[in-house]
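What's counted below: heavy atoms across the whole structure, side chains too, no hydrogens, waters or symmetry copies. These numbers come from a predicted model, not from an experiment.
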Amino acid sequence: MDAARRAKLESTTRYDPAEVEGRVYAEWAERGYFTPEPEGTAAENYSIAIPPPNVTGSLHMGHGLNNTIQDTLVRRQRMAGRRVKWIIGTDHAGIATQSVVEKELRREGLDRHELGREGFVERVWEWREQYGGRIIEQLKRLGASGDFAHERFTLDDGYVAAVHRVFVALYEKGLIYRDNYMVNWDPGSHSAISDLEVENREVTDTLFRIDYPIEGSDRVLTVATVRPETMLADTAVAVNPGDERYRDLVGRHCILPLVGRRLPIIADEHVDVEFGTGALKITPGHDPADFEIGREHGLEEISVIGEDGRLTDAAGPAYAGLSAAAAQERVVADLRAAGSLGGSEPYVHSVPFSHRSGQRIEPLISLQWFCRMDELAAPAIEVVRDGRIRFTPERWGRVYLDWMESIRPWCVSRQLWWGHQLPVWYCDHCERTIVAEREPAGGECDGCGGVLRRDEDVLDTWFSSALWPYATLGWPDEAPELRAFYPTDVLVTARDIIYLWVARMIMTSLEFLDEIPFSDVYITSVVQAPDGRRMSKSLGTGIDPLELIDAHGADALRFGLLAMSSSQDVRFSAAKVQQGRDLANKLWNASRLILLNAGEAAPEPRSDAVEDRWILSRLERTIASVGECLDRFDFAHAALELYRFVYSELCDWYLEIVKPRLYDGPARGDDSAARNLLHVLGRTLAVAHPLMPFVSEEIWSYLPDRDTQLIVAPWPEADPSRFDVEAEAEVAAAIDLTRSLRRWRELAGVAPAAPLRARGGAGVHPLVARLARLDLAGEDAGEAVAAVGAIEILPSEHLDPQAVTARIEEQRERLRGEVERAEGKLDNERFVANAPADVVAGERAKLARYRAELEELG
RNA sequence: GGGCGCGUAGCUCAGUGGGAGAGCGUCCGCCUCACACGCGGAAGGUCGCUGGUUCGAAACCAGCCGCGCCCACCA
């Protein structure tokens with residue numbers, strides 16, 4: 001260590017992440033540690049594909065946790081000597097991005113239609129150039145060691161080719177088709193959306209009762225509905241086939257009020273006898289349930305609400321052009337006037353809303369592209385059932401299977417401009433549909449030579465995300481990256497996209513590469529606000545990870561998030577982040593102590609004293625334990641194990657114990673403590689590195705004898721030959737006794753600095769004598785006033801006699817309780833007969849010990 | 001309606017069949033020559049409730065109460 005470095009170490013009494021992080025990160029990146037050569041096989045290499053954040057995104061706490069976990073896994077494997085690729089990139093995020101740019105246009109007083117499709121898409125690309133890289137830069141501040149040199153985007157040229165390949169193949173297989181079908185129409189984004197993009201919310205609506213006169217009778221059939229305006233599109237009334245009240249009516253007709261249409265009265269199992277009057281108006285054009293009933297019975301499908309949310313001409317001149325809400329008012333008024341309104345009442349039920357725009361879904365029939373899923377799902381179910389893909393925590397595997405087993409067709413077309421435009425062309429002349437990876441030559445129909453028109457729609461964003469782990473590696477080309485890194489190892493993601501994304505990656509990978517895309521799926525906790533609400537910008541409950549990095553450093557945030565993580569949702573805890581900051585600082589200062597006193601010593605494990613064997617044993621056990629925790633994705637325990645080892649074992653005990661040896665070493669020509677400390681420090685930094693990369697790398701740079709930077713230094717494998725049961729027992733006993741003495745001293749009113757006169761014969765461990773500040777006296781030093789374990793406390797001016805008496809009585813009380821408890825247990829014949837022998841023996845030993853101690857107290 | 005998860009110290013959470021734990025907070029004492037982002041010590045819990053299984057339950061089973069999430073076409 002040169003003089004300048006030494007001076008810096010001496011003067012820096014607090015670890016300063018802001019000074020370290022940028023410098024260290026730049027060095028890692030420059031040296032190319034993040035970018036592996038595409039060599040070797042996927043089995044020997046290690047890879048993770050990042051869940052691509054939206055280009056519009058900025059780093060939130062969920063990203064923070066998720067990417068910290070991925071980086072921890074990746075760094076650990078890199079140190080373990082594997083060629084590691086963490087695939088980095090962003091998602092074009094159809095609706096989200098389109099609306100951001102549309103909002104920007106609106107501020108300029110523009111509309112996307114004024115720019116036209118091409119102009120608009122160009123504008124979005126410009127926006128992406130300018131702002132789209134934000135989240136990537138933020139990931140770097142976290143310390144993410146991903147392959148940023150090969151950043152991908154779901155609209156890259158190569159990626160587009162992959163999407164087209166998949167679309168065409170699925171079309172040719174008959175899985176992708178075009179159909180008029182009931183879809184979730186989102187009036188907000190002006191597009192159809194998939195079932196998974198709607199969320200149900202509780203809403204209070206009004207439930208209206210409407211009387212439908214029965215043809216050829218003076219009876220009426222009363223139906224109940226929350227959407228009276230859709231009655232204009234009714235094409236039947238249904239009752240339950242088992243419903244006695246209406247059995248005679250099935251097959252007859254009723255007359256639709258206001259319209260006068262004859263509606264057949266049909267019988268269908270779906271109708272609930274209990275609800276309302278037991279008669280259900282059927283509107284196949286505007287209700288998903290009615291749509292299915294309608295298709296089963298071959299009913300006419302009438303649409304009275306258009307894609308603009310307004311009533312169409314089919315609704316009749318009185319209503320055409322009205323908004324749905326206005327139409328409802330008008331219809332209700334008209335029904336009332338006609339005497340057909342039976343009544344109304346408030347009614348709470350759940351209603352679909354668009355996840356994206358937040359608007360209420362308008363179910364309507366529309367011509368869209370769909371993908372049939374059951375055939376793709378079958379093998380994807382199999383690989384999770386047979387354990388080839390494992391979910392952690394396990395229960396998410398069952399959630400996945402439940403959904404997959406009842407999977408429904410997926411509406412893949414979206415009426416947007418930003419995204420993968422469908423590779424579909426129509427010839428209006430000969431009415432052919434051409435589905436092809438590339439536009440047919442000259443844009444002409446090869447049948448009739450007519451001019452082709454490309455389908456305007458784009459694909460659901462999740463369609464392209466479904467190819468993420470392999471399209472990013474060059475598929476469908478036989479790219480070397482694909483051979484080296486596919487399949488990937490782990491997917492780290494959030495539970496809310498198990499259906500939207502995870503399931504679909506598994507399905508497409510099995511279909512197109514005949515391989516699982518990853519073998520483990522780790523589902524992260526959802527990080528909630530400290531008060532248990534969702535963290536969200538709009539609620540004002542969000543906490544910005546970058547601010548925490550600014551304040552406490554990336555290592556602190558990483559440690560905090562890992563320590564918080566769990567198999568269930570967690571509330572964000574600023575205290576855990578501080579714990580991480582404290583740990584970084586502790587490591588820094590322990591290292592200063594060691595490095596500034598190590599002289600010329602080189603690291604070497606030493607067993608000169610029992611405490612050396614003890615710390616080496618504890619170190620190796622910690623290494624083993626942290627490794628096992630990481631193997632089973634138990635990041636919280638990995639973090640807390642590290643914390644516990646550094647704080648209590650290394651700093652509180654070992655450093656305090658060896659300080660004299662360390663300080664006096666040079667004078668005595670004995671650098672064994674320094675050597676051992678350097679060894680322990682080196683290995684500690686190595687296990688800490690995947691969790692806290694910056695502080696560990698920075699301290700590492702001060703260590704003597706290192707060949708490489710820590711990021712690529714060997715991962716420490718636990719060495720069981722260092723496990724030392726005797727040393728652990730001996731030092732543990734010394735620690736226990738020291739603690740008892742400190743407690744005794746405190747309660748007996750002896751000042752911390754005052755020596756405690758005591759006697760223990762030959763049995764007093766030198767560690768105890770020093771750590772408990774004992775003033776050891778000989779056998780003839782007089783009558784003891786108390787005993788702590790094997791140590792006799794002797795009278796001295798520092799003792800407060802009253803406190804001593806109270807303390808002794810307290811001790812006696814405690815021992816009596818213990819004896820009583822043990823006796824009670826051992827007096828129970830069934831315990832002695834049934835409990836395992838070692839448990840019983842242990843209980844007997846304890847009883848004997850407590851009795852002896854009580855005896856000594858008198 | 002179905003499913004999943006959770007209820008442990010003031011707070012946030014570990015613990016899943018043999019004597020209730022951590023961090024933070026609180027209280028007491030220390031600026032002890034690595035660190036006050038520190039050191040030593042202490043107080044604090046009918047482990048949601050009721051039954052059951054067991055020699056033994058915070059843990060396993062059943063029921064109940066409370067909270068959260070996911071799925072679902074009772075209009």
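A:Glu21 places a side-chain N or O within 3.5 Å of a backbone atom of A:Ala554 that can act as its donor or acceptor partner. Side-chain N or O atoms of A:Asp290 include one that pairs as donor or acceptor with a backbone N or O of A:Thr283 at under 3.5 Å. With A:Arg745 contributing its side chain and A:Leu741 its backbone, the two residues share no donor-acceptor pair below 3.5 Å. Formation of a donor-acceptor pair under 3.5 Å by the A:His297 side chain with backbone atoms of A:Ile293 is found in this model.
Comparing B:C74, B:C37, B:C35 against the side chain of A:Arg14 picks out B:C37 as the nearest. When each of B:A14, B:C70, B:A34 is scored by its nearest atom to the side-chain atoms of A:Tyr499, the top-ranked nucleotide is B:C70. Listed candidates were B:C37, B:A34, B:C73. Nearest to the side chain of A:Ala590 is B:A34. Listed candidates were B:A14, B:G23, B:A75. Nearest to the side chain of A:Tyr643 is B:G23. Among the nucleotides B:C73, B:C39, B:U12, the one closest to any side-chain atom of A:Asp652 is B:C39. The side chain of A:Arg495 lies closest to B:C69 when the candidates are B:U12, B:A34, B:C69. For A:Phe831, counting side-chain heavy atoms from C-beta on, the closest listed nucleotide (B:C37, B:C73, B:G18) is B:G18.
A sub-4.0 Å separation between OP1 or OP2 of B:A42 and a side-chain N or O of A:Arg743 is present. OP1 or OP2 of B:A34 has at least one side-chain nitrogen or oxygen of A:Lys659 nearer than 4.0 Å. Close to B:C74, at under 4.0 Å from its OP1 or OP2, lies no side-chain N or O of A:Lys281. Using a 4.0 Å cut-off, some side-chain N or O of A:Ser566 falls inside it from OP1 or OP2 of B:A14. A:Arg581 has no side-chain polar atom (N or O) that falls below the 4.0 Å cut-off from OP1 or OP2 of B:C37.
The salt bridge (Lys or Arg N to Asp or Glu O under 4.0 Å) search around A:Arg821 returns A:Glu818, A:Glu843, not counting sequence neighbours. Scored by the salt bridge (Lys or Arg N to Asp or Glu O under 4.0 Å) test, A:Glu649 finds A:Arg618, A:Arg644 as partners (sequence neighbours excluded).
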Please list, one pair per line, the donor and acceptor atoms closer than 3.5 Å that link side chains of residues 395-405 of chain A to other protein atoms, with sequence neighbours excluded.
unit_1: A:Arg395; atom_1: NH2; unit_2: A:Ser567; atom_2: O; d: 2.8
unit_1: A:Tyr400; atom_1: OH; unit_2: A:Ala380; atom_2: O; d: 2.9
unit_1: A:Glu405; atom_1: OE2; unit_2: A:Arg385; atom_2: NH2; d: 2.6

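Two residues, A:Leu655 and A:Thr738, neighbour RNA chain B, and the one matched to the more 5' nucleotide by heavy-atom proximity is A:Leu655. Residues A:Val570 and A:Glu746 each lie close to RNA chain B; by heavy-atom proximity, the contact nearer the 5' end of the strand is made by A:Val570.
Atom CG of A:Leu596 is separated from atom P of B:A34 by 10 Å (rounded to the nearest Å). Taking atom CD1 of residue A:Ile657 and atom P of nucleotide B:A34, one finds them 16 Å apart after rounding to whole Å.
Across residues 393-404 of chain A, A:Arg395 each have a non-hydrogen atom less than 4.0 Å from an atom of RNA chain B (numbered order). For RNA chain B, none of the residues of residues 548-564 of chain A falls under the heavy-atom distance limit of 4.0 Å. Within residues 833-841 of chain A, the residues having any heavy atom under 4.0 Å from RNA chain B are, by residue number, A:Asn834, A:Ala835, A:Pro836, A:Val839.
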Step-by-step side chain to side chain donor-acceptor pair (under 3.5 Å) determination, A:Glu197 to A:His355: CA-CA 5 Å; A:Glu197 290 164 303; A:His355 206 80; over 6 Å; no

Could you walk me through whether A:Lys8 and A:Glu19 pass the side chain to side chain contact (heavy atoms under 4.5 Å, CB included) check? CA-CA 12 Å; A:Lys8 183 174 171 191; A:Glu19 189 275 324; 3.5 Å; yes

Does the salt bridge (charged side-chain N to carboxylate O under 4.0 Å, His left out) test come out yes or no for A:Arg742 and A:Glu746, once each step is laid out? CA-CA 6 Å; A:Arg742 284 175 178 167; A:Glu746 182 105 2; over 6 Å; no

Intermediate values then yes/no, side chain to side chain contact (heavy atoms under 4.5 Å, CB included), A:Leu756 and A:His798: CA-CA 8 Å; A:Leu756 190 61; A:His798 303 298; over 6 Å; no

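There is a side-chain donor-acceptor pair under 3.5 Å between A:Asp211 and A:Thr222.
When the C1' atom is used for both B:A20 and B:G44, the distance is 13 Å, rounded to whole Å. The gap from the P atom of B:U12 to that of B:G52 amounts to 33 Å, rounded to the nearest Å. Comparing the P positions of B:A42 and B:C49 gives an interatomic distance of 29 Å, to the nearest angstrom. The separation of B:C64 from B:C27, taken at their C1' atoms, amounts to 40 Å, rounded to a whole angstrom.
At the heavy-atom level, A:Asn585 lies under 4.0 Å from base atoms of the strands shown. The residue A:Arg745 sits apart from the nucleic acid: no heavy atom pair falls under 4.0 Å. Heavy atoms of A:Glu843 sit nowhere under 4.0 angstrom from any nucleic acid atom. At the heavy-atom level, A:Tyr347 lies under 4.0 Å from the strands shown only through sugar-phosphate atoms.
Comment: A:Glu362 does not engage A:Arg360 in a salt bridge, judged by the lack of any side-chain N to carboxylate O separation of less than 4.0 angstrom.
A 3.5 Å limit on both hydrogen-bonding distances identifies B:C6 as the Watson-Crick or G-U partner of B:G66.
Not a single donor-acceptor contact under 3.5 angstrom links the side-chain atoms of A:Gln568 to the base of B:A14.
For the pair A:Cys411/A:Ile193, no side-chain contact is recorded, criterion being any heavy-atom separation below 4.5 Å from C-beta on.
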